[in-house]
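Read the numbers this way: they start at 1 and go in the same order the structure lists the ligands and their atoms. Quick note: residue numbers are just sequence positions, from 1. Since this is a predicted model, take the numbers as computed values, not measurements.
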Amino acid sequence: MDKMWSGRFSTSASSLLDQFNASIMYDRKLYREDIDGSLAHAAMLTKQGILNTEEFRQITEGLNQIVSEIESDVFEWNIADEDLHMGIEKRLTAIIGDAGKKLHTARSRNDQVAVDFRRFVIRKNLEIVEALKLLMTEVIVVAEKHTETLIPGMTHLQHAQPINFAFHLAAYLAMFTRDIERFESSAKRNNVSPLGCAALAGTPHDVDRNMTASILGFDSVSINCLDTVSDRDFALEILFNIATMMMHISRLSEELVMWSSYEFGFVELSDAYSTGSSIMPQKKNPDVPELLRGKTGRVYGSLMGLLTVMKGLPLAYNKDTQEDKEGVFDAVETAEISLEILKEAIKTMEVKSHNMESACAVGHLSATDLADYLVEKCDIPFREAHFITGRAVAKGEELKTDLSAMDFKYLKEIDERINEDVMEYLGLRHSMNARTSQGGTATQRTKEQLQYYKNYLQGNKE
Ligand code: ARG
């Protein structure tokens, strides 16, 4: 019968309950946040005259000792203590005696866990931003070498128009930039202190919530305690942010898997980031992007899991909420390792420019250019130009020749109004470079985009 809450109970908790009820096996990850929160709370109680300075000194020393015990792995995490909050408080009282019993004045585990978890999540949002920036930097390094490398731009996974490889990579830079903005805005929006909300309704003690908020680096103090202790939007947001980022990563991963196949042969992942087969000696498998694609699914599961935990929960705190942490921890770890390994895989992969360019020689990638030529040079309405071009493509199919390599005489046969200068328009590089509209693939435009992202990474968003 040594539970902190045992006063109103007459029989001890069953060990089955201990196992089922406890979160200490995983919430111990929040020990730094928990102890910081306790130190701030104790400092505030002391300033308010609720603790005396001797008690504050003992609490500070005791908590610091606990940090070193945890960090040197001698702290005893006991499942019967239920969660890290009670485990740490119990140990504190064991070390310093009565002063330890005063620490929980004007506080509840409900605001305590909200502080700990919120601060952890805010920190992780910002750490992921840094990891995303490192990934983007490597993507830019590769992209800068390939602003002239042609690659088939696709829609429906069919050859569409020639683009350059850097332009393709820059599409991912755009996605990662939006990801960064989401992580940053979550960190900012949720940087609000729950401490002092106590169980749900505030406290009659004369607490200074602004003081603890500022010690803990929060921008402000929450407005309504009932909401604060039951709010897990911050956890849902990081899950959504990671899920969306992983969705982007999964799309790039899918492309890396395809591009590594014999059929594409656009890239070769380095041996250090590829795996072999236990039976087929020739195999070199792209496990890294495949796993990135797969892990995306697990992250979605965590997002959906927590949304479902929170659905329909009455105010304020309910134990259901304890189920908020493992999915977030798992998603955060997944995000961290995924960003790191994707960065390394990209940095070390071989880009097979020659194969990318040869792939452009089939599929009539410059067909739109022929239609555009007919509009611009022959004053033919686009719809008719589209039809004429369709016939030219059909001729190409019959001759087994790509439009970009077709003999002029066939084009002339299809439509009298076509002149020899059309041949320039049908060239693939010309086609790519013709797309000079803002945000387009022309090498010059692509270079501007890369410059934009370089400035962005240097903190200059203009
Ligand atoms: N371990 C709990 C959690 O993670 C801490 C809050 C417990 N509060 C309570 N009233 N039982 O949610």
For residues 140-157, please give each side-chain donor-acceptor pair under 3.5 Å, one per line with the distance, not counting sequence neighbours.
{"unit_1": "Glu144", "atom_1": "OE2", "unit_2": "Lys454", "atom_2": "NZ", "d": "2.7"}
{"unit_1": "His146", "atom_1": "ND1", "unit_2": "Thr149", "atom_2": "OG1", "d": "2.8"}

Check residues 166-178 and write down every donor-acceptor pair under 3.5 Å in which the side-chain atom is one partner and the other belongs to a residue at least two apart or another chain.
{"unit_1": "His168", "atom_1": "NE2", "unit_2": "Glu255", "atom_2": "OE1", "d": "2.6"}
{"unit_1": "His168", "atom_1": "NE2", "unit_2": "Glu255", "atom_2": "OE2", "d": "3.4"}
{"unit_1": "Tyr172", "atom_1": "OH", "unit_2": "Arg251", "atom_2": "O", "d": "3.4"}
{"unit_1": "Tyr172", "atom_1": "OH", "unit_2": "Leu252", "atom_2": "N", "d": "3.3"}
{"unit_1": "Tyr172", "atom_1": "OH", "unit_2": "Glu255", "atom_2": "OE1", "d": "2.8"}
{"unit_1": "Thr177", "atom_1": "OG1", "unit_2": "Leu173", "atom_2": "O", "d": "2.6"}

**Study point:** NZ/Lys102: more than 12 non-hydrogen atoms of other groups inside 6.0 Å
**Key:** no
Below 3.5 Å only, please: the N or O atoms of ligand 1 paired with protein N or O atoms, distance on each line.
{"unit_1": "ligand 1", "atom_1": "1 (N)", "unit_2": "Ser23", "atom_2": "OG", "d": "3.2"}
{"unit_1": "ligand 1", "atom_1": "1 (N)", "unit_2": "Asp83", "atom_2": "OD2", "d": "2.9"}
{"unit_1": "ligand 1", "atom_1": "1 (N)", "unit_2": "Gln322", "atom_2": "OE1", "d": "2.7"}
{"unit_1": "ligand 1", "atom_1": "4 (O)", "unit_2": "Lys325", "atom_2": "NZ", "d": "2.5"}
{"unit_1": "ligand 1", "atom_1": "8 (N)", "unit_2": "Asn110", "atom_2": "OD1", "d": "2.8"}
{"unit_1": "ligand 1", "atom_1": "10 (N)", "unit_2": "Asn110", "atom_2": "OD1", "d": "3.1"}
{"unit_1": "ligand 1", "atom_1": "11 (N)", "unit_2": "Arg109", "atom_2": "NH2", "d": "3.3"}
{"unit_1": "ligand 1", "atom_1": "12 (O)", "unit_2": "Tyr317", "atom_2": "OH", "d": "2.4"}

Exercise for review: Please check if any side-chain donor atom of Gln112 sits under 3.5 Å from a side-chain acceptor atom of Asp34, or the reverse.
Suggested key: yes
Practice item. Is it possible for you to check whether Lys325 lies under 6.0 Å from the centre of the six-membered ring of Phe117, through NZ or CZ, and within 45° of that ring's axis? Key: yes
Exercise for review: Name all residues meeting the ring pair (Phe, Tyr, Trp, His ring centres under 6.0 Å) criterion together with Phe120; count only those two or more places apart in sequence or in a different chain, and write none if there are none.
Suggested key: Phe329
